[in-house]
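Reading through the structure tokens given below for one structure.
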Number of protein chains: 2
Amino acid sequence: MSDKTTRDHIVEAADHLFYRQGYEHTSFADIADAVQISRGNFYYHFKTKDDILDAVIDLRLTNTKKMLERWESEEKHPADRIKSYVRILLTNWSMIKYFGCPVGTLCTELTKLNHASQEEASKVFTLFRTWLRQQFILLGHRKDADAFAMHVLAWIQGVATLASTFHDEKFARKEVKQMCEWLESTTQTDVPHE
Amino acid sequence: MSDKTTRDHIVEAADHLFYRQGYEHTSFADIADAVQISRGNFYYHFKTKDDILDAVIDLRLTNTKKMLERWESEEKHPADRIKSYVRILLTNWSMIKYFGCPVGTLCTELTKLNHASQEEASKVFTLFRTWLRQQFILLGHRKDADAFAMHVLAWIQGVATLASTFHDEKFARKEVKQMCEWLESTTQTDVPHE
DNA sequence: GACATTGTAGGACGCGTGTCCTACTCTAAC
DNA sequence: GTTAGAGTAGGACACGCGTCCTACAATGTC
């Protein structure tokens, strides 16, 4: 049914595990268990654990790009696109509730590990940032577009962190609603022509 | 000059290291180096690494309480007290820039480790939350006080996360300014009588 | 059938870890 | 001077880790 290689399976399993357990706390044995593969066999696909991390980050970059493109095609109005992003908090609530934001938590961990790939990991943030900026530019906020993008990014990030600490869905819902209202208030312009 | 016990020194060093390197990534050897103590000697003061973590959390709870009391005595107006909290982002910028928020990052890490002390760690958040709520109540926001408290908490948390990823001080300053303005806009009431 | 290629299994290796033990030093009490 | 207790040093221990090696199975090519 699937033409996925073993390598793909490893990267996917690592992606999930890094998100749920953290990078450092996830061992080769954990991934091997998840993929149902011999532990020693890893070396054929990846020389080091860092290589797996890089592959995971690549995967996340690819998936994020796809998601952004989907939002762009599904929603014509930039404000609605931004809302798609904001609402991801609720869409993925069952995971965020326990493990927070995959992007933020990985960046935070890699920073503390002083890991070589921390810049690479932050590119996922940059992807969102650039995309959000573009949407705000389309909304006519040329000058403040980047500040707005960062603002939204930070908001979501904070809510995700608190959400995973307190597991409080009501709070998340309220914040998302508020954020959407804020978006509407700063977005009284009409649909711009792309 | 100081009457601090070796135990105190261990807890302080662990506090710093847990913040900068993360809990898991900090070894007994690291702490021993920092305190200039024999590695094996730890066992006399702490039976397990978890015990050190609990002591660190206790220390943070104590220090946080002290800080909140100081803010309360230094600033009479609740809005100014909240601003003291918001401005901690800039006060501790040199650390936050690299390591994010000590509270949030520890909670996040312990969640991923599924560590027994994650609830204990979240009490530091709760400390801030309760205190902020109290300030908002004093400002006359009885009904929404807790939502406001969570909102501020989340805001700061998000900015700290992004700040430590992008090391962008301008962004932090702008957000703090914005937050202070927001505080003033929702705080047109006069100084309440305590 | 011989052979190279690709992928897999299983385990060896060295290292760092948290934990724990024992021997030693210092101080104060009597 | 002897003794008890608090504090320290150094290292042993078992374990899990990332890494790496070798032997084997499956597949396709000539």
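To find a chain, count down the sequence lines: A is the first, B the second, and so on, and within it residues start at 1.
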Has [X] got a side-chain N or O lying under 4.0 Å from the OP1 or OP2 atom of [N]?
X        : N      : answer
His45(A) : dT8(C) : yes
Tyr44(A) : dT8(C) : no
Thr6(B)  : dT8(D) : yes

Could you tell me whether the side chain of [X] and the main chain of [Y] form a donor-acceptor pair under 3.5 Å?
X         : Y         : answer
Ser117(B) : Glu120(B) : no
Ser122(B) : Phe125(B) : no
Gln118(B) : His115(B) : yes
Lys49(A)  : Thr26(A)  : yes

Inset, instruction - Heavy atoms under 4.0 Å is the rule here; annotate nucleotides 13-22 of chain D 5' to 3' with B where the base is hit, S where only the sugar-phosphate is, and - elsewhere. - result: ----SBBBB-

Going by the salt bridge (Lys or Arg N to Asp or Glu O under 4.0 Å) test, which pairs reach into [range], not counting sequence neighbours?
range                       : result
residues 150-175 of chain A : Glu169(A)-Arg173(A)
residues 85-110 of chain B  : none
residues 132-146 of chain A : Arg129(A)-Asp146(A), Arg133(A)-Asp146(A)

May I have the distance from [X] (atom [atom1]) to [N] (atom [atom2]), rounded to whole angstrom?
X        : N       : atom1 : atom2 : answer
His9(B)  : dG7(D)  : NE2   : P     : 14 Å
Ile52(B) : dT17(C) : CD1   : C1'   : 13 Å
Ile31(B) : dT19(C) : CD1   : C1'   : 14 Å

Where do N or O atoms of nucleotides 24-27 of chain D meet protein N or O atoms at under 3.5 Å, pair by pair?
none

Legend entry - Residues forming a ring pair (Phe, Tyr, Trp, His ring centres under 6.0 Å) with His25(A), sequence neighbours excluded: none

Legend entry - Test ring pair (Phe, Tyr, Trp, His ring centres under 6.0 Å) applied to Tyr19(A) - qualifying residues, sequence neighbours left out: Phe99(A)

Legend entry - Identified stems (criterion: three or more consecutive Watson-Crick or G-U pairs, under 3.5 Å), DNA chain D: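 Expected stems, ordered by start: C:1-30 with D:1-30.
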
Legend entry - Pairs satisfying side-chain hydrogen bond (donor to acceptor under 3.5 Å, both in side chains), at least one member in residues 30-40 of chain A, at least two apart: Ser27(A)-Asp30(A)

Inset, instruction - Applying side chain to side chain donor-acceptor pair (under 3.5 Å), name anything that partners Ser164(B), two or more places apart in sequence or on another chain. - result: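 Per chain and number, Ser164(B) pairs via side chain to side chain donor-acceptor pair (under 3.5 Å) with no residue.
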
Inset, instruction - Could you check which residues of residues 107-117 of chain B get a heavy atom under 4.0 Å from DNA chain C? Sort them by number, please. - result: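 Heavy-atom cutoff 4.0 Å gives no residues at all.
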
Legend entry - Within 45° cone and under 6.0 Å: Lys83(A) NZ/CZ vs Tyr85(A) ring: no

Inset, instruction - Please collect all ring pair (Phe, Tyr, Trp, His ring centres under 6.0 Å) contacts where either partner lies in residues 157-186 of chain B, sequence neighbours excluded, each pair once. - result: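 Pairs touching residues 157-186 of chain B that pass the test: Tyr98(B)-His167(B), Phe148(B)-Trp182(B), His151(B)-Trp182(B).
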
